[in-house]
Amino acid sequence: MHSPKYFALALAATAAAPAFAQDTAPPDEITVSGDVALVSDYRFRGVSQTDKEIAIQGGASIAHSSGVYSGFWASNLAGWGTFGGSNTELDLYAGYVLPISGGDIDVGGTWFMYPGGSDTTDFVEFYAKLNGTIGPAALTAGVAYAPAQEALGNVFFTGAASAAGIANDPGDKEDNLYLFGDGSVGVPNTPITFNAHIGYSDGNPGLGPNGTSIAPTGSYWDWSLGAEAVYKALTFGVAYVDTDISRSESAYLLPNFQETSGGRIDDATVVFSVSAGF
């Protein structure tokens, strides 16, 4: 399971999806925006959700000048975290942006759906973000919390138990906490922006009812460093993505937590992306 997207879609490959930034608008104005992206790997909080293969992602949002907004975002899936059906993640989100001196506060929630998949896949996560600037840098500090739900439960204690279909604690419900920070700096007189992200997951230390977890080893760090460049209607991105999950820490998740070919899905990688928006 996998994904609010708390960063622009140029960095969607590094971890995230719906872009929640709001356009400045006159009173009572409604703004509709959207984007589509092709990424070399869909990484959610540092872990590949597409078996380290390409993904097509996109979404749209509608925002009112009062600060209220809603939208959706979707991506194909493969390998870890697929639940049958269309093998698609569909995120529905809504929130409110409150302007404050020097920035804004963004609060809302995301409903993670997996159309046609298992009955115990979907879950909700709430978020709050503080956005502001320091000099030329745009900064974000945020927290995302998913209350106890069966989709996040510690149902299987090992990957072997999941593969055998032997639930250790059927119906268990667990919660998940994610803390994150983002920063970006544009290079003056160029179309280039440098981006950085760091996140910390604390949640289910085992496997959910579908053999996956949004915090695979219970607690770990993920981070990325990247850049993006705008050319006409296209944004090109590149990012280095990594986690501090060790092979020994994730061993109990095997055979689930690996590529189809047997490689790691949480190791360091470089992710490329190209996106277009309206």
Next item on the list: Is it possible for you to say whether F194 and V274 belong to one hydrophobic cluster, with membership spreading through side-chain heavy-atom contacts below 4.5 Å?
Entry: no
Item checked: E53 CD to S40 OG distance, which is reported to the nearest 0.5 Å -> 9.5 Å
Next item on the list: Please name all residues satisfying ring pair (Phe, Tyr, Trp, His ring centres under 6.0 Å) with Y200, sequence neighbours left out, ordered by chain then number.
Entry: W221
Checklist line | Validation row: D91, W111 side chains within 4.5 angstrom (heavy atoms) | finding: no
Next item on the list: State the CG-OG distance between L253 and S162, to the nearest 0.5 angstrom.
Entry: 9.5 Å
Margin query: On a heavy-atom basis, which atom in S201 and which in Y178 lie closest, and how many Å separate them?
Written below: OG-CD1, 3.2 Å
Next item on the list: Please confirm whether the backbone N or O of F83 pairs with a side-chain atom of N210, one donor and one acceptor, at under 3.5 Å?
Entry: no
Note to self: Suppose we screen for salt bridge (charged side-chain N to carboxylate O under 4.0 Å, His left out). Which residues come up paired with D267, at least two apart in sequence or across chains?
What the structure shows: R43, K52
Item checked: Heavy-atom pair with the smallest gap, counting every atom of A74 and L90 -> CB-CD1, 4.1 Å
Checklist line | F157 vs D169 side-chain heavy atoms within contact, under 4.5 Å | finding: yes
Note to self: Is it the case that the ring center of Y93 lies less than 6.0 angstrom away from the ring center of W73?
What the structure shows: no
Next item on the list: Report yes if the side chains of L77 and Y42 come closer than 4.5 Å at any heavy-atom pair, otherwise no.
Entry: yes
Checklist line | Heavy-atom pair with the smallest gap, counting every atom of D122 and A151 | finding: O-CB, 3.6 Å
Notebook entry, point to check: Mind checking whether F123 and F112 have ring centres under 6.0 Å apart?
Noted result: yes
Checklist line | Side-chain (S65) to main-chain (E29) donor-acceptor, under 3.5 angstrom | finding: yes
Margin query: L152 vs I214, test: side-chain contact (heavy atoms from CB on, under 4.5 Å). Steps then yes/no.
Written below: CA-CA 7 Å; L152 310 179; I214 60 172; 3.9 Å; yes
Item checked: Interatomic distance, D182 atom CG to H197 atom NE2 [nearest 0.5 angstrom] -> 6.0 Å
Margin query: Please check: side-chain N/O of S213 versus main-chain N/O of G208, any donor-acceptor pairing under 3.5 Å?
Written below: no
Margin query: Tell me whether Y96 at atom OH has more than 12 heavy atoms from other residues, nucleotides or ligands lying less than 6.0 Å away.
Written below: yes
Note to self: Does any part of the side chain of E89, heavy atoms only, come nearer than 4.5 Å to the side chain of M113, both counted from C-beta?
What the structure shows: no
Margin query: Using the rule side chain to side chain contact (heavy atoms under 4.5 Å, CB included), only one of T133, T193, L139 pairs with S184; which is it?
Written below: T193
Next item on the list: Report yes or no: do D106 and Y69 form a side-chain donor-acceptor pair below 3.5 Å?
Entry: yes
Notebook entry, point to check: Which atom names give the shortest non-hydrogen contact between A137 and V185, and what distance separates them?
Noted result: CB-CG2, 3.7 Å
Margin query: Under a plain distance cut-off of 3.5 Å, with no hydrogens placed, do D35 and S275 share a side-chain donor-acceptor pair?
Written below: no
Checklist line | Y114 side, atom OH; D119 side, atom CG - distance, nearest 0.5 Å | finding: 14.5 Å
Check: Between T110 and F72, is any pair of side-chain heavy atoms under 4.5 Å apart?
Finding: no
Check: Does CZ in F278 sit with more than 12 non-hydrogen atoms of other residues, nucleotides or ligands closer than 6.0 Å?
Finding: yes
Check: What distance do L177 atom CG and D202 atom CG have between them, rounded to the nearest 0.5 Å?
Finding: 6.0 Å
Margin query: Donor-acceptor check, side chain of T158 to backbone of A161, threshold 3.5 angstrom: yes or no?
Written below: yes
Notebook entry, point to check: For the side chain of D104 and the backbone of L98, is there at least one donor-acceptor N/O pair under 3.5 Å apart?
Noted result: no
Margin query: Measuring only between side-chain heavy atoms, which start at C-beta, is D175 closer than 4.5 Å to Y145?
Written below: yes
Notebook entry, point to check: Going from CG on D41 to OG on S273, what distance comes out if it is rounded to the nearest 0.5 angstrom?
Noted result: 11.5 Å
Check: For the side chain of S250 and the backbone of S246, is there at least one donor-acceptor N/O pair under 3.5 Å apart?
Finding: yes
Checklist line | Pair N131, T140: side-chain N/O donor-acceptor within cut-off below 3.5 Å | finding: yes
Checklist line | ILVMFWY cluster, I54 and L234 together (side-chain gap under 4.5 Å) | finding: yes
Next item on the list: Flag yes if I56 and F236 sit in one hydrophobic cluster, no otherwise; membership is Ile, Leu, Val, Met, Phe, Trp, Tyr, and two members link when side-chain heavy atoms are under 4.5 Å apart.
Entry: yes
Notebook entry, point to check: Is there side-chain contact between V47 and P216, with heavy atoms separated by less than 4.5 Å?
Noted result: yes
Check: In terms of heavy-atom contacts, does CD1 of I192 have more than 12 from other residues, nucleotides or ligands at under 6.0 Å?
Finding: yes
Next item on the list: Ignoring hydrogens and angles, tell me if any N or O in the side chain of N256 forms a donor-acceptor pair with the backbone of G211 under 3.5 Å.
Entry: yes
Next item on the list: Please tell me if the side chains of N176 and Q149 come closer than 4.5 Å, counting only heavy atoms from C-beta onward.
Entry: no
Margin query: Quick check: closest heavy atoms across D244 and E249, and the distance to 0.1 Å?
Written below: O-OE1, 3.5 Å
Item checked: Non-hydrogen atoms of G109 and Y127 that approach each other most closely -> N-CE2, 3.3 Å
Next item on the list: Is it possible for you to say whether F272 and V230 belong to one hydrophobic cluster, with membership spreading through side-chain heavy-atom contacts below 4.5 Å?
Entry: no
Margin query: For a side-chain contact (heavy atoms from CB on, under 4.5 Å) check, start with the C-alpha distance between F180 and I198, then their side-chain angles and the critical distance, and finish with the verdict.
Written below: CA-CA 6 Å; F180 60 93; I198 188 167; over 6 Å; no
Margin query: Determine whether K173 and E150 satisfy the following criterion, side-chain contact (heavy atoms from CB on, under 4.5 Å), listing intermediate values before the conclusion.
Written below: CA-CA 4 Å; K173 297 180 180 180; E150 187 174 354; 4.2 Å; yes
Next item on the list: State yes or no: do L225 and V187 share one hydrophobic cluster built from I, L, V, M, F, W and Y residues joined by side-chain heavy-atom distances below 4.5 Å, directly or via other members?
Entry: no
Next item on the list: Mind running side-chain contact (heavy atoms from CB on, under 4.5 Å) on I62 and S70 for me, showing each step along the way?
Entry: CA-CA 6 Å; I62 182 169; S70 65; 3.5 Å; yes
